[in-house]
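Basis for what follows: all heavy atoms, side chains included, without hydrogens, waters or symmetry-related copies. Within every chain, numbering begins at 1; the chains are lettered A, B, ... in the order of the sequence lines, protein sequences first and strands thereafter. These numbers come from a predicted model, not from an experiment.
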Protein chains: 2
Amino acid sequence: MSSRADARRNRQRLLETATRLFAERGAANVSMDELAAAAGVGKGTIYRSFGDRAGLALALLDESERELQEGLIRGEPPLGPGAPPPERVGAFVRAYVALLEEHVDLIVESQTASAGARYRSGAHGAWRDHLALLARTGGVDDSLLPDLILGTLDGSLYRHLRENRGFPPDLIADAVELVALGVFR
Amino acid sequence: MSSRADARRNRQRLLETATRLFAERGAANVSMDELAAAAGVGKGTIYRSFGDRAGLALALLDESERELQEGLIRGEPPLGPGAPPPERVGAFVRAYVALLEEHVDLIVESQTASAGARYRSGAHGAWRDHLALLARTGGVDDSLLPDLILGTLDGSLYRHLRENRGFPPDLIADAVELVALGVFR
DNA sequence: AACATAAACGGACTACAGTCCGCTTCTATT
DNA sequence: AATAGAAGCGGACTGTAGTCCGTTTATGTT
């Protein structure tokens, strides 16, 4: 990691403080100045550690995203290896909807900054790779379909469907699964 | 429209000036202050007319979106009425990709502002309604699938696929069509 | 322990979206 | 034509993301 201990400590404090503040008042209602003040550091320190607001959101998502990745690689089937591709696609969709349900705010924050920050994140690449692998295994074109399926799992779309249109997570997951399986037939 | 002639005139000038500036330097590189100055009005006038940046983008998109809507309602099949639903879905996808190709920047701008501005726009509702009608006609669930298909046509995703991943419009349209037809089978 | 130096810090500063409200201009009415 | 009131205007102001750079501090070296 960072060579200096104080930097690691500050980063850790920022992550903890951000988690708390975001939980208390909603990510969208916490400014970077407030976060800096609450964590007792200068604003520059946040930006040194995380680059920008999207980077902070991505860092806060990191743990949950790693867990899901772990499940995909080493978990029990059908999420992990062993089950036929269509079932694994369904399991992934459900797991990702659970992630959305818990962290929409962060996921949306991670998208808001300058064009396509999230698409270039490591986690997003992992989801794409996973779906691409399943596609190849199932004999399906793997170049664009993974991105399109992930498009149906977009954060602001999910929030819109949940909050404005009133659909429950299960129904959304069912519909996304239907779309995904339509191409994995 | 507005009751006052000067307001209509200012709105028109703003639309023309914005079109020109956006074309010259890219929408993302034109600030609201610059636009106001270039159009010779105060900044408040922009906000009175368009609400916010997303509203301005939506207004600039209006003409092209109306054309597409017109094509859906009164155009020749397969875009217009008369062809079987799956063919009409394909035609819509291609037409929408053409719209994206021409106006990604504006479409992305129309999404950037506060949560889900675009989802609540009239045009987006029209696309959803259109796909929902086709779904019903084809005996397919129409509650969520239209939104998910539109999710695969998201502006920032499209830009990412075009600019970062290097796919040409045709391939993207093919893939989206495949996804859409997968559920409309 | 003292030092050199690179890493990290912090807060003033910039640029920008969006708000607010006192002032101006249009227009319907007489 | 004069007028009153509503509609619209404009630019100073606010809040916030992100940058910049002079100052401070951690750490490896002697």
(Q) Between Asp141(B) and Arg136(B), does any side-chain N to carboxylate O distance fall below 4.0 Å? (A) no

Report all interatomic pairs (protein N or O, nucleotide N or O of nucleotides 10-14 of chain D) with separations under 3.5 Å.
unit_1: dG10(D); atom_1: OP2; unit_2: Gly42(B); atom_2: N; d: 2.9
unit_1: dG10(D); atom_1: OP2; unit_2: Thr45(B); atom_2: OG1; d: 2.9
unit_1: dG10(D); atom_1: O5'; unit_2: Gly42(B); atom_2: N; d: 3.4
unit_1: dG11(D); atom_1: O6; unit_2: Gly44(B); atom_2: N; d: 3.3

Q) When the distance from CG of Leu35(B) to P of dA17(C) is rounded to whole Å, what number comes out? A) 10 Å

(Q) If the condition is ring pair (Phe, Tyr, Trp, His ring centres under 6.0 Å), which residues does Tyr119(B) pass it with, not counting sequence neighbours? (A) His160(A), His124(B)

Q: Figure out the CZ/C1' separation between Arg11(A) and dA7(C), and round it to whole Å.
A: 16 Å

Q | Basic-acidic side-chain contact under 4.0 Å: Arg11(A), Glu16(A) | A | no

**Q.** Pairs meeting criterion side-chain hydrogen bond (donor to acceptor under 3.5 Å, both in side chains) with involvement of residues 89-98 of chain B, two or more places apart
**A.** Arg94(B)-Asp174(B), Arg94(B)-Glu177(B), Tyr96(B)-Arg118(B)

**Q.** Side-chain H-bond candidate by donor/acceptor type, Asp154(A) with Gln111(A), under 3.5 Å
**A.** yes

Q) What's the CZ-C1' distance between Arg8(A) and dC9(C), to the nearest Å? A) 16 Å

Anything under 3.5 Å between a donor and an acceptor, one on a side chain of residues 37-49 of chain B, the other on a protein residue two or more places apart or in another chain? List them.
unit_1: Lys43(B); atom_1: NZ; unit_2: Asp33(B); atom_2: OD1; d: 3.4
unit_1: Lys43(B); atom_1: NZ; unit_2: Asp33(B); atom_2: OD2; d: 3.4

Q: Quickly work out the Met32(A) CE to dG10(C) C1' distance and round it to whole Å.
A: 15 Å

Q: In whole angstrom, give the distance that lies between atom CZ of Arg48(B) and atom P of dG18(C).
A: 17 Å

Q) Between atom OH in Tyr47(B) and atom P in dA7(D), what is the gap in whole Å? A) 24 Å

Q | Rounded distance (Å) that lies between atom P of dT19(D) and atom CZ of Arg53(A) | A | 14 Å

Contacts table for residues 70-84 of chain B: side-chain donor-acceptor under 3.5 angstrom, sequence neighbours left out:
unit_1: Glu70(B); atom_1: OE1; unit_2: Arg74(B); atom_2: NH2; d: 3.3
unit_1: Glu70(B); atom_1: OE2; unit_2: Arg74(B); atom_2: NE; d: 2.7
unit_1: Glu70(B); atom_1: OE2; unit_2: Arg74(B); atom_2: NH2; d: 3.4

Q | Side-chain donor or acceptor of Arg159(B) paired with backbone N/O of Asp105(B) under 3.5 Å | A | no

Q. Atom CG of Leu56(B) and atom P of dC16(C): how far apart are they, to the nearest Å?
A. 16 Å

Q. Is Arg162(B) reaching over with its side chain to a backbone N or O of Phe167(B), donor-acceptor style, under 3.5 angstrom?
A. yes

Each nucleotide N or O in nucleotides 23-25 of chain C that has a protein N or O under 3.5 Å away: list the pair and distance.
unit_1: dT25(C); atom_1: O2; unit_2: Arg4(B); atom_2: NH1; d: 3.3
unit_1: dT25(C); atom_1: O2; unit_2: Arg4(B); atom_2: NH2; d: 3.4

